[in-house]
> 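Just dropping this structure here.
For reference, positions follow the sequence shown, starting with 1. When reading the values below, keep in mind they use all heavy atoms of this one structure, side chains included, and skip hydrogens, waters and symmetry mates.
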Amino acid sequence: MAPKAPPPPKEQLDKPDEVLQAVVLADSYNQRFQPLTLDTPRCLLPLANVPLLEWTLESLASAGVKEVIVFCTTKAEKVKAYIESRPPSSLHITTIISTSALSVGDALRILDSQKVIKSDFILLSGDVVSNLNLEEAVEAHRERRKISKNAIMTLVVKENGLGTRLRPIASSSLFALSPSPENKLLHHEPIGAKPRKKRLNIPGKIFDPKWGEEEIELRNDLIDCGIDVCSVDVLDLFTENFDYQSIRHDFLPGILQSDLLSSTIHVHFAGSGYAARVSDTLSYDAVSRDVLSRRTWPLVPDGNLPGSGMWEGKKEGYELRRMGVYVTRSTVLSRTCTIGPNTLIGSQSHIHSSTSIRSSIIGRNVTIHPSCTITDSYVWDDAVIEEGCTISHAVIGKGVRVGKGSVVGRGCLIGDGVTIGEGARMDEFTRVGRKPYREDGEESDEEDEDDTTDEDEDVDGLTAEQRSTILGTNSLGFIWPEEGHDSDNDSDSDSEEDLLESAPNKRLLQLGRSTSSLCLSDSSGTISVLSQESTPPSSPTQSATSSQAALPTSHLSPLSPSQGAGLTLALEVGDQPGFRSECIATLDHAFEKGGEVDTESIDFAALQIKSARATTNVGPGIVRDVVLGYLVSKVEGVEQGAGKGVVKVKAEELFEQWGPLLSKFAEVEEEKVETLQFLQKHCISTKSLQPYYGAFLSALYNADVVEASDLVAWYKHLGSREGAEMEALVLQARPFVEQAVENEEGSSEEESDR
């Protein structure tokens, strides 16, 4: 008989294993997706043909969570039925239903009363898509709790620039933090795009030495992942304070500004990985694109997620083809149809002849008749698109029929079961529901459904003739007011939350909405964050508002720990943030892959960038500007202030690999001259780049992005000498240009001698 193993220590017997719990809030407690949510709870809306909630559950499963509590209110039975229909998994899921919860605060108070949370837990909404290793955030939170029981919450954030597709200008926040590694949150303030805030008020006490912080970081470059690690104390605080209705807009200010509570909140910086909330139709579009471009790996369409599709009673997976096209075995494609890059087509869908689909997601059992054009759109299950239709930047709900020759404009949302008649001409951002719009946001009575009698002619403020023009003949549906219209019942308050929910700001979070003409800066185009000459008030009584230190800004630059305060940011008026975000996302994904860079990788990245340019309608110059700026920013050693020789070697290595991508957008002499001028401007505008201008110029030449003749043309071009700083760089480069010409002439002579 084998000897018995020694018993575990007594302290291990007394200490039960902690099961990592997560609370998923299935409700959003807003109406940003109506009328798409009239029949379907938002957490079950399809993202890449998989319910949103499924993406969240898979994110938790991959992060090591064992027990999930799904709290739902609206259409709760549908959510419960979906969870019960899921195949067995490592998650133990409990559904809690409450029809009385009207906010996140109500939900947390009900959870507290039921005593289902045993220890620290992860809190998130049922619309989060993430591949982050949340165990790191949980462990960091628990380590802080060992040191201080006052550390009650940890917010998970990621670094990213303003104006990217995951962090649009209309959804930004200011974070005031103590330096790493503590990362204690000192102040948090949301910043909407409209109405523009000219000043941000930061509590003066955080600048007081008595507060205990010798340094403070002001960060406006963070993506709030919508994932929080909480202690049970958080639930107790919500129960004790019935004024807390939301976490970001009530709970955080209540804790941070309280003189009575000693609780602290911290921030965890997630490293590599992906996390985003689908909180509006703009982010729905952004996350869908990221899923198709595989930034969410391993959560990708061909990863066989539950709910991805069935064919002949069996689960059917997607096949990934070239250029990011996903199809299934039962997808029927006509020989003469055109399927562009970044497109997904669900099972049993039929695409007929001469139809073009690009950068779109098509659901299951969808029929698209001949000669249709669908671009940057989402067509959900069982829809029928008749011959000759044009759809751009729109969402077509489940079971919708779009009549022959109809045009569905940018930003349109068509709810489930609607029929768009023949020859419809839908203006941009039109919303159409199967039932009439109601101010209270509640669904109409069933007897009103699909009823278009004379007494309903004024239900949407239009006559039958006007409705026929917009929705076509023999239509079945009701036109809703534009999202964010003045009568919205949640846009009349002056609170911080309602500033983000204001009509102008909500419009900027719509699918298809462009912010290219939105200027958030002063007339000069430059916003001072906190001038290096200025100092914060030594006491709260010296500030402009007696209790707060005023910080003038409407568009903050990111302040890294090494930079501190004192930066300014120029906002380019007339820029195309949409293209920049698409281009940077593509380049980020390409760099994250690592390894050898082959021709196929270059071609695929170039195709995605060209597709983004076509979608956003930007000029070719901005493409070269963005790609060059990104590559320069990736040269190692610049931020650390390395020697010029080291940076020169790193720059040449990088451009040897990625120079061919830049060359695809700078093929002729004029384009190469402009590229060299962009390099001048990047080095002038960013001080850390200035010492390495020669290294970058040499790297471009050695990688064959530019030739000696291009350097000469650039040297002689008047645009290269606009201003004293540009002139100085041209003169600095003269010896290099002369040497390049001499080398090429020498090479030519050697070849002729042979």
> Can you confirm whether K158 sits close enough to L132 that some side-chain heavy atom of one is under 4.5 Å from a side-chain heavy atom of the other?
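Yes, their side chains come closer than 4.5 Å.
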
> Classify the ring geometry of W480 against Y437: parallel below 30°, tilted from 30° to 60°, perpendicular beyond 60°.
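Perpendicular, since the angle between the ring planes exceeds 60°.
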
> Just by modelled atom types, is the D427 backbone N or O under 3.5 Å from a matching donor or acceptor in the T430 side chain?
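Judged by distance alone, yes, a pair lies under 3.5 Å.
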
> Looking at R613 and E582, is any side-chain nitrogen of the basic one under 4.0 Å from a carboxylate oxygen of the acidic one?
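Answer for the salt bridge query: no.
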
> Tell me, do E600 and R322 make a side-chain contact under 4.5 Å, heavy atoms counted?
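Yes; the side chains approach each other to less than 4.5 Å.
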
> Check whether any side-chain N or O of S371 sits under 3.5 Å from a backbone N or O of E387 as a donor-acceptor pair, and report yes or no.
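A pair under 3.5 Å: no.
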
> Can we say D302 and R321 salt-bridge, meaning some charged N sits less than 4.0 Å from an Asp/Glu carboxylate O?
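Salt bridge: no.
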
> Do V384 and V366 make a side-chain contact, defined as non-hydrogen atoms from C-beta onward lying under 4.5 Å apart?
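The answer is no; the side chains never approach within 4.5 Å.
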
> Within the 3.5 Å criterion, strictly below it, is a donor on T328 or T331 matched to an acceptor on the partner's side chain?
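Distance-only check passes for T328 and T331.
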
> Quick check for you: to the nearest 0.5 Å, what is the distance between L102 atom CG and T73 atom OG1?
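That separation rounds to 8.0 Å.
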
> Just wondering, do L52 and L44 contact through their side chains at under 4.5 Å, heavy atoms?
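Sidechains of L52 and L44: no contact.
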
> Are S359 and N342 linked by a side-chain donor-acceptor pair shorter than 3.5 Å?
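The answer is no; no qualifying pair exists.
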
> Is it true that R329 and E319 make a salt bridge, defined as a side-chain N closer than 4.0 Å to a carboxylate O?
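Salt bridge absent between R329 and E319.
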
> For the side chain of S103 and the backbone of D106, is there at least one donor-acceptor N/O pair under 3.5 Å apart?
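Indeed, once roles are kept as given, a pair shorter than 3.5 Å links the two residues.
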
> Output yes when R295 and D290 qualify as a salt bridge under the 4.0 Å nitrogen-oxygen rule, no when they do not.
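Looking at R295 and D290, the cut-off is met.
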
> With the threshold set at 4.0 Å, does a side-chain nitrogen-carboxylate oxygen contact exist between R32 and D280?
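A salt bridge is present here (some side-chain N lies under 4.0 Å from a carboxylate O).
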
> Can you establish whether the number of heavy atoms outside K404 located under 6.0 Å from its atom NZ is more than 12?
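Counting other residues, nucleotides and ligands, NZ of K404 stays at 12 neighbours or fewer.
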
> Quick one: does D228's side chain get under 4.5 Å of L124's, heavy atoms only?
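SC-SC contact between D228 and L124 ruled out.
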
> Between the side chains of S601 and D598, is a donor N or O closer than 3.5 angstrom to an acceptor N or O?
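Checked: S601/D598 side chains pair up, N/O donor to acceptor below 3.5 Å.
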
> Got a salt bridge between D376 and R289, using NZ or NE/NH1/NH2 to carboxylate O under 4.0 Å?
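Counted as a salt bridge, because a side-chain N and a carboxylate O are separated by less than 4.0 Å.
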
> Only one of R434, R431, M426 forms a side chain to side chain contact (heavy atoms under 4.5 Å, CB included) with I414, so which one is it?
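That would be M426; it is the only one of R434, R431, M426 passing the side chain to side chain contact (heavy atoms under 4.5 Å, CB included) with I414.
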
> Would you call T373 and T355 a side-chain contact if the rule is heavy atoms closer than 4.5 Å?
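T373 does not reach T355 side chain to side chain.
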
> Given E422 and N474, is the side-chain hydrogen bond (donor to acceptor under 3.5 Å, both in side chains) satisfied, shown in steps?
CA-CA 8 Å; E422 184 175 335; N474 300 320; over 6 Å; no

> Looking at I83, is its backbone amide N or carbonyl O close enough to the side chain of T95 to form a donor-acceptor pair, meaning the two atoms are under 3.5 Å apart?
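Side chain of T95 to backbone of I83: no pair is present.
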
> Please check this pair: side chain of D27 against backbone of Y29, looking for a donor-acceptor N/O pair closer than 3.5 Å.
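No, the answer is negative, given that no donor and acceptor are paired below the 3.5 Å cut-off.
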
> Is the closest side-chain heavy-atom distance between F121 and I69 below 4.5 Å?
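Answer no - side chains too far apart.
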
> Could you give the distance from OG1 (T37) to CG (L413), rounded to the nearest 0.5 Å?
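The OG1 atom of T37 sits 10.0 Å away from the CG atom of L413.
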
> To the nearest 0.5 Å, how far apart are CD1 in I374 and OG in S356?
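Answer rounded to 0.5 Å: 9.0 Å.
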
> For R42, is there an ion pair with D127 - N to carboxylate O distance below 4.0 angstrom?
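Salt bridge between D127 and R42, a charged N being under 4.0 Å from a carboxylate O: yes.
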
> Assess, by modelled atom type and distance only, whether the side chains of N365 and D381 contain a donor and an acceptor separated by less than 3.5 Å.
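Looking only at side-chain atoms, D381 and N365 do not form any donor-acceptor pair under 3.5 Å.
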
> List the residues meeting side chain to side chain contact (heavy atoms under 4.5 Å, CB included) with E84, not counting sequence neighbours, and say none if there are none.
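Residues passing side chain to side chain contact (heavy atoms under 4.5 Å, CB included) with E84: K80.
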
> Would you say R364's side chain and N49's backbone share a donor-acceptor pair under 3.5 angstrom?
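Confirmed, R364 side chain pairs with N49 backbone.
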
> Do S360 and I357 have side-chain heavy atoms sitting under 4.5 Å apart?
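They are in contact (side-chain heavy atoms under 4.5 Å apart), so the answer is yes.
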
> Starting from the C-alpha separation in whole Å, work towards a yes-or-no answer on side-chain contact (heavy atoms from CB on, under 4.5 Å) for T94 and V70.
CA-CA 6 Å; T94 303; V70 178; over 6 Å; no

